[in-house]
Amino acid sequence: MGILEGKRILVTGVLTDASIAFSVAKLAQEEGATVVLTGFGRLSLVERIAKRLPEPPPVLELDVQSTEHLDTLAARVGEHVDGLDGVVHSIGFAPQSALGGNFLNTAWEDVSTALHVSTYSFKSLAVACLPLMKEGGSIVGLDFDASKAWPVYDWMGVAKAGLESANRYLARDLGKHNIRVNLVAAGPLRTMAAKSIPGFKEFEDSWPEKAPLGWDLSDTVPAAKACVALMSDWFPATTGEIVHVDGGVHAIGA
Ligand SMILES: NC(=O)c1ccc[n+]([C@@H]2O[C@H](COP(=O)([O-])OP(=O)(O)OC[C@H]3O[C@@H](n4cnc5c(N)ncnc54)[C@H](O)[C@@H]3O)[C@@H](O)[C@H]2O)c1
């Protein structure tokens, strides 16, 4: 019996089979969950990728900047499952001008897009799913350690710092619904989101060297395992937490 046996899980953020969300969906199914996916924009691509999962799940459209998509999400998910026990937020985006060392010149419009998609949406998604989580459950988001200023990560780093704070406030406000809210802070992984960061190679070169456990830039499974564990019954008293899945880099001085 798997650790998610009988659980109904909504996974956002599958774009390619290198997406962290793809590994989460695959492992969740292997551990016994019923999975529903949401996709953004290129839905036919997401549907094609979804067919590579052990049990091809339904794919619903969700742009977290669309109030209409968010307002109708619970009803649309409800056509496939009678409730949710877990929700995975694996969504991030920042315009090019907000990344790559341009920190002092980025316009507010671009910063606001990064914050809307990468930070505020954690709250929007949680609230949109609340009507389906009557028996409580677990919400997990994907983070990149925001306790320091990194090279090139720029306004995405600010967005992640906001995400870490939002995680604590959501944990505060959703505890009374028996809903746990946590983040997995992954090390750098070669996904579409990472490839769009100019200068991402700086992370690629240094991370495996710095990590006490080493680090494989193309292996999304360790981060996905942490997401699955946090959605299982094995973290019943943990909320507002950030679990680092980074080979140990966060614990080591420069
Ligand atoms: N790749 C890394 O190095 C790394 C490290 C730590 C954390 N993360 C985080 O993991 C999460 C998933 O990213 P990934 O690395 O798997 O890359 P990815 O490109 O596979 O996934 C990013 C997802 O965000 C979605 N998205 C973008 N704008 C959206 C919108 N308006 N509405 C809904 N969805 C939208 C994309 O469609 C895509 O599915 C992100 O939050 C990212 O910041 C990534």
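As the structure lists them, so they are numbered: ligands from 1, and atoms in each ligand from 1.
One option in Ala21, Ala94, Ser90 has a heavy atom closer to atom 12 (C) of ligand 1 than any other, and that option is Ser90. Nearest to atom 27 (C) of ligand 1 by heavy atom, out of Phe122, Phe40, Phe200, Phe22, is Phe40. Distances from atom 15 (O) of ligand 1 to the heavy atoms of Val24, Leu43, Thr191, Leu163 show the closest one on Thr191.
Checking Ser121 against His89 by side-chain atom types alone, a donor-acceptor pair falls below 3.5 Å. Between Ser97 and Asp110, the side chains place a donor N or O and an acceptor N or O closer than 3.5 Å (distance only, hydrogens not considered).
When heavy-atom distances to ligand 1 are checked against a 4.0 Å cut-off, Val14 comes that close only through its backbone atoms N, CA, C and O. Using a 4.0 Å cut-off between heavy atoms, Arg190 makes no contact with ligand 1 at all. Under 4.0 Å from ligand 1, not a single heavy atom of Thr12 appears.
For ligand 1, none of its N or O atoms has an N or O atom of Ala194 under 3.5 Å away.
Near Met192, with a cut-off below 4.0 Å to any heavy atom, the atoms of ligand 1 are 19 (O). Close approach to Leu62 involves these atoms of ligand 1, each under 4.0 Å from a residue heavy atom: 32 (N), 33 (C). Close contacts between ligand 1 and Leu15 involve ligand atoms 19 (O), 38 (C), 39 (O) [criterion: under 4.0 Å to a heavy atom]. Atoms of ligand 1 lying under 4.0 Å from at least one heavy atom of Gly187, given by number and element, are 3 (O), 5 (C). Listed by number with element, the atoms of ligand 1 under 4.0 Å from a non-hydrogen atom of Asp143 are 6 (C), 7 (C). Within ligand 1, counting atoms from 1 as listed, the ones closer than 4.0 Å to a heavy atom of Ser19 are 16 (O), 18 (P), 20 (O). When each atom of ligand 1 is checked for a heavy atom of Pro188 under 4.0 Å away, the hits are 3 (O). Here is the list of ligand 1 atoms found below 4.0 Å of a heavy atom in Gly13: 21 (O), 23 (C), 38 (C), 39 (O).
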Stepwise salt bridge (charged side-chain N to carboxylate O under 4.0 Å, His left out) test for Arg76 and Glu61: CA-CA 9 Å; Arg76 291 185 291 132; Glu61 188 176 14; over 6 Å; no
Check against side-chain contact (heavy atoms from CB on, under 4.5 Å), Val14 and Val59: CA-CA 10 Å; Val14 171; Val59 180; over 6 Å; no
Test log, rule ring pair (Phe, Tyr, Trp, His ring centres under 6.0 Å), inputs Trp155 and Trp150: CA-CA 10 Å; Trp155 287 99; Trp150 297 104; over 10 Å; no
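Atom 13 (O) of ligand 1 has Ala193 CB, 4.1 Å as its closest protein atom, hydrogens excluded (heavy atom only). Protein heavy atom in closest approach to atom 10 (O) of ligand 1: Leu142 CB, 3.3 Å. When only non-hydrogen protein atoms are considered, atom 16 (O) of ligand 1 lies nearest to Ile20 N, 2.9 Å. Protein heavy atom at the shortest distance from atom 1 (N) of ligand 1 is Leu189 O, 2.9 Å. In terms of protein heavy-atom proximity, atom 32 (N) of ligand 1 is closest to Val64 N, 3.0 Å.
Checking side-chain atoms of Asp145 against main-chain N and O of His250 turns up no donor-acceptor pair under 3.5 Å. A distance-only check finds a donor-acceptor pair linking the side chain of Glu5 to the backbone of Gly2 [under 3.5 Å]. Although no hydrogens or angles enter the test, the distance criterion places a donor-acceptor pair under 3.5 Å between the side chain of Ser196 and the main chain of Ala193. In this structure, the side chain of Thr119 engages the main chain of Ala159 through a donor-acceptor pair within 3.5 Å.
Looking at every heavy atom in both residues, Gly157 comes nearest to Ala146 through O-CB, 3.9 Å. Looking at every heavy atom in both residues, Glu135 comes nearest to Asn178 through O-ND2, 3.9 Å.
Contact check on Glu30 versus Lys26 returns a salt bridge, with a Lys/Arg side-chain nitrogen under 4.0 Å from an Asp/Glu carboxylate oxygen. One finds no salt bridge joining Asp143 and Lys160 here, because no Lys/Arg side-chain nitrogen approaches an Asp/Glu carboxylate oxygen to under 4.0 Å.
Taking 4.0 Å as the cut-off, Lys160 counts as a neighbour of ligand 1 on heavy-atom distance. Under the 4.0 angstrom criterion for non-hydrogen atoms, Asp63 is in contact with ligand 1.
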